[in-house]
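Notes follow once the structure below has been shown.
Side chains are part of it too, since the values below use all heavy atoms of this structure and drop only hydrogens, waters and symmetry mates. Letters go in sequence order (proteins before strands), and every chain restarts at 1. Since the model is a prediction, treat every value here as computed from it, not as a measurement.
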Amino acid sequence: MVDSDELESVCKRRGFIWQSSEIYGGEAGFYDYGHLGALLKDNWERSWKEYFLGLDDNYHMIYTPNILPYRVLKASGHVDMFSDVLIHCMRCETGFRADHLVEDVIDMNVEGLSAEEIDKTIEKHDITCPNCKGALSESDDFNMMFSVQIGPTGEHKGFLRPETAQGTYMNFFREFRALRKKMPMGLATIGSAFRNEISPRKGVYRLREFGQAELQIFFVPGIHEEVFEKKYNAEYRVNVMLVDDDTKLIEVDELKDLPIFYKYHLSKVFEFFTDKMNLDPDSIRLRELSDDERAFYNRIHFDVEIFLESLGGWKEVAGVHYRGDYDLTKHQKESGTKMSIPIEGERVIPHVLELSFGVDRNIWSLLDRGFGDDDRKWLHLPADLAPYHVAVFPLIRKDGLPEKSIEVYNRLKSRFRAFWDKSGSVGKRYARMDEIGTPFCITIDYDTMDDDTVTIRDIVSKDQIRAPITELNDILRTLINKEKTFSEYL
RNA sequence: GCGGCUGUGGUCUAGCCUGGUAAGACUCAAGCUUCCCAAGCUUGCUACCCGGGUUCGAAUCCCGGCAGCCGCACCA
């Protein structure tokens, strides 16, 4: 059982994550990454890039701005759809989402209606507060986007982007040409997105500014799927929960109604969590969303959920969304810029498969799943993601051991993220490294002074091996890259 | 946004009811000690969420704000 108070305490004490602007009392929905959190986040992002760009030679990274002009988000539908019409009872003050209230009472689809239209509907059907039958206020449009004024007089309206994807969609055609018209094409990006959540809570899980890592894959169904079919492994096993069903581990090919391009990427996403984040398959599931839960433009939608005790259960950390041609069609129509590509003499607008990851939620998952406070407090992180790969200590602080340990540290620090310490006892230093997830600790003792060998201590087992200083680079590299396990060196 | 609870060194807590200039544990830093898993010793840094009010005097009582937790609502 993860003690989330203890985990939070470690995060603050050691330098991972804490509330932003805290010296002024803080503001809900914003978090800072300290020096260890920043290392962990950078490492996760690097691993994500290596893995997902590695899926295909035509998958690439791009970066686009945080601020988008009004017209972009008008075209994407966010100005109209990314908002809630709120209403409250004038007697008992209870607040409601106006569209839900109207739908409950008169059974009509009010999606996309403006505040004025909803007010008219409420008046027409004489709808009152479901709690106390009191009269309802006029409804109020609440858009989840942060608006910004661009330019000296603010004459250009814009928004902080509510998702990183729109910047990518707008670049589809330029990159299609720059990449010499090769399809399928993948454009990935990592960056911040902003949503003015009504009630951000649960630490880093619902933020107003958060990181997204997204890969948008462009292709034309029936034309460009061969690439995926070749890579697809029907026997790959994934943990899924279908609508109205229990969680079960099955071969991905048993997901019969899904196209291969979808199953291929779904299984690769699952593999990222098991192989790169080292999460137990039992703690990960792919959950199919019902029609109600899915955004209207998503044709197929599975969320990746991880069981996080600190947040009370299964929590969404990523999603695989088949968005069809919705986005490119909208941008072609509103911008007047061609988004279609020539296929057998016709022009076709490509479809999009989106792999979307919440960066902060993924970082939190590593901390939650990795934290143990049984006999000791320790973090079990994948070695290549840990803030430090290796720490170097003198066993005791005399007889030249500290100087020798600095020599070893200097040999390692250009190749690894290394840390050197001499304060307290060696046990204390191991404990400190346990707490921040440093997988390996090297100790210089009296034998080192005779024969230039050192001990390497493993965070998981606390076992030690003895190795010559000259072999440290190779041993650490094979351990961090998982070419060999620690026990194979025992 | 509504209701309930809460806010004290880096972390976690005591003190608050019954106003009189803050205590402990751990952590951290410097040093001593120490031949492998938070030992011990010495010294040291660091706090009453913010603002206003009552009072000779406020961590303590009152009001307002902010933040956090729980519940409701929300989560394109």
Select one nucleotide: of B/rC36, B/rU11, B/rU27, the one nearest the side-chain heavy atoms of A/V426.
B/rC36
Taking only side-chain N and O atoms of A/S425, does any of them lie within less than 4.0 angstrom of OP1 or OP2 on B/rU34?
no
What nucleotide, of B/rC36, B/rA30, B/rU34, holds the atom closest to the side chain of A/S423?
B/rA30
What contact category does A/R429 fall into here, base, sugar-phosphate, or nothing, at under 4.0 angstrom with non-hydrogen atoms?
nothing
Regarding A/G203, tell me which of base, sugar-phosphate or nothing describes its non-hydrogen contacts under 4.0 Å with the strands shown.
sugar-phosphate
What is the nucleic acid contact for A/Q19, judged by heavy atoms within less than 4.0 Å: base, sugar-phosphate only, or nothing?
sugar-phosphate
Given B/rC36, B/rU11, B/rA76, which nucleotide is nearest the side-chain atoms of A/Y297?
B/rA76
Table please: side-chain donor-acceptor pairs of residues 384-392 of chain A below 3.5 Å, with sequence neighbours left out.
from   : atom 1 : to     : atom 2 : distance (Å)
A/H389 : ND1    : A/R417 : N      : 2.9
A/H389 : NE2    : A/R417 : NH2    : 3.2

Using atom C1' in both nucleotides, what's the gap between B/rG3 and B/rA73 to the nearest angstrom?
12 Å
Which is true for A/E27 with a 4.0 Å heavy-atom rule: it touches a base, it touches only sugar-phosphate, or it touches nothing?
sugar-phosphate
Taking 4.0 angstrom as the limit, do A/K404 and A/E407 come out as a salt bridge?
yes
Salt-bridge present (A/E45, A/K41; N to O < 4.0 Å)
yes
How would you label the contact of A/S9 with the nucleic acid (heavy atoms, under 4.0 Å): base, sugar-phosphate, or nothing?
sugar-phosphate
When you get a sec, tell me which of B/rC35, B/rA73, B/rU11 is the closest nucleotide to the side chain of A/Y446?
B/rC35
Selection from B/rG31, B/rA29, B/rC36 that lies nearest to any side-chain heavy atom of A/K422:
B/rG31
Just call it for A/R294: base, sugar-phosphate, or nothing, with non-hydrogen atoms closer than 4.0 Å on any strand.
nothing
Sticking with atom P, work out how far B/rC63 lies from B/rA22, rounded to a whole angstrom.
27 Å
Nearest whole Å is fine: how far is B/rU11 P from A/F16 CZ?
16 Å
For atom C1', what is the distance between B/rG20 and B/rA58, given to the nearest Å?
10 Å
Would you sort out whether A/T164 and A/E214 count as a side-chain hydrogen bond (donor to acceptor under 3.5 Å, both in side chains), showing the intermediate values?
CA-CA 7 Å; A/T164 56; A/E214 298 194 317; 2.6 Å; yes
Candidate nucleotides B/rC37, B/rA38, B/rA76, ranked by approach to the side chain of A/R195 - the nearest:
B/rA76
State which of B/rA29, B/rC36, B/rU34 makes the closest approach to the side chain of A/R432.
B/rA29
Ignoring hydrogens and geometry beyond distance, is a side-chain donor-acceptor pair present between A/W314 and A/T247 at under 3.5 Å?
no
Can you tell which of B/rA76, B/rA38, B/rG1 lies closest to the side chain of A/S199?
B/rG1
Taking the P atom of each, how far is B/rU27 from B/rC17, in whole Å?
33 Å
Whole-Å gap separating P (B/rC35) and NZ (A/K404)
20 Å
Does the side chain of A/F210 reach to within under 4.5 Å of the side chain of A/S192, using non-hydrogen atoms?
no
Just checking A/R397: base, sugar-phosphate only, or nothing, at a heavy-atom cut-off of under 4.0 Å?
base
I want to check one thing: is the phosphate of B/rC28, taken as OP1 and OP2, less than 4.0 Å away from some side-chain N or O of A/K428?
yes
Could you check which of B/rG68, B/rC36, B/rG10 has an atom nearest any side-chain atom of A/R13?
B/rG10
